[in-house]
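Just so you know, residue 1 is the first one in the sequence shown, and it goes up from there. Just so we're clear, the structure is a prediction, and the values are computed from it rather than from any experiment. Every heavy atom of this structure was used, including side-chain atoms; hydrogens, water molecules and symmetry mates were not.
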Amino acid sequence: MSIVPPTAWVIAEMITHDYVWQGAGHTCDEAREALLTAWQRHRAGVLRVHPQLADRLPEAPHMPQHFKIRYRAYEAGGGYRGDDRLV
């Protein structure tokens with residue numbers, strides 16, 4: 001994915017029908033993995049209570065086929081308006 005300065009954090013964000021999912025890491029891959037791990041944990045919890053939903057809740061590796069994942073990099077000490085760094 002993209003190269004990010006070592007003082008930066010990358011936030012991966014995925015908006016589903018009910019939630020905004022976010023993951024953080026030093027690279028896009030780390031942030032994506034954190035986001036999808038959170039989804040997988042959520043999915044497992046739902047399926048413990050409602051196992052009949054297994055076909056309707058995709059496994060983590062398939063989520064990007066259903067919902068777009070966006071990435072934003074933030075540098076330490078940076079100030080942002082939307083995606084634009086102002087400081």
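Side-chain contact between F67 and I15: absent, with no pair of heavy atoms (C-beta onward) separated by less than 4.5 Å. Counting only heavy atoms from C-beta outward, the side chains of M63 and M14 approach each other to under 4.5 Å.
Contact record, V46 with L57: CG1-CD1, 3.6 Å, taken as the closest heavy-atom pair.
Residue Q22 qualifies as enclosed at atom CD: its count of foreign heavy atoms under 6.0 Å is above 12.
Within the structure, the salt bridge (Lys or Arg N to Asp or Glu O under 4.0 Å) test picks out the following pairs touching residues 76-87 (sequence neighbours left out): R72-D83, E75-R85, R81-D84. Among pairs with a residue in residues 35-59, those fulfilling salt bridge (Lys or Arg N to Asp or Glu O under 4.0 Å) read R43-E59, at least two apart in sequence or across chains.
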How far apart are the C-alpha atoms of L86 and Y80, what are their side-chain angles, what is the distance that settles it, and do they pass the side-chain contact (heavy atoms from CB on, under 4.5 Å) test?
CA-CA 5 Å; L86 302 177; Y80 299 84; over 6 Å; no
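In terms of the side chain to side chain contact (heavy atoms under 4.5 Å, CB included) criterion, residue partners of A60 (sequence neighbours excluded) are, by chain and number, L36, W39, Q40. Under the rule for a side chain to side chain contact (heavy atoms under 4.5 Å, CB included), the partners of A12 that lie at least two apart in sequence or sit in another chain are A31, L35, I69, Y71. By the ring-ring contact (aromatic ring centres under 6.0 Å, His included) test, Y19 pairs with W21, H42, sequence neighbours left out.
Put simply, the side chain of E33 never gets that close to the backbone of D29: no donor and acceptor are under 3.5 Å apart.
Through direct or indirect side-chain contacts shorter than 4.5 Å among Ile, Leu, Val, Met, Phe, Trp and Tyr, V49 is connected to no other residue.
Taking CZ from R32 and OG1 from T27, the interatomic distance works out to 11.5 Å, rounded to the nearest 0.5 Å.
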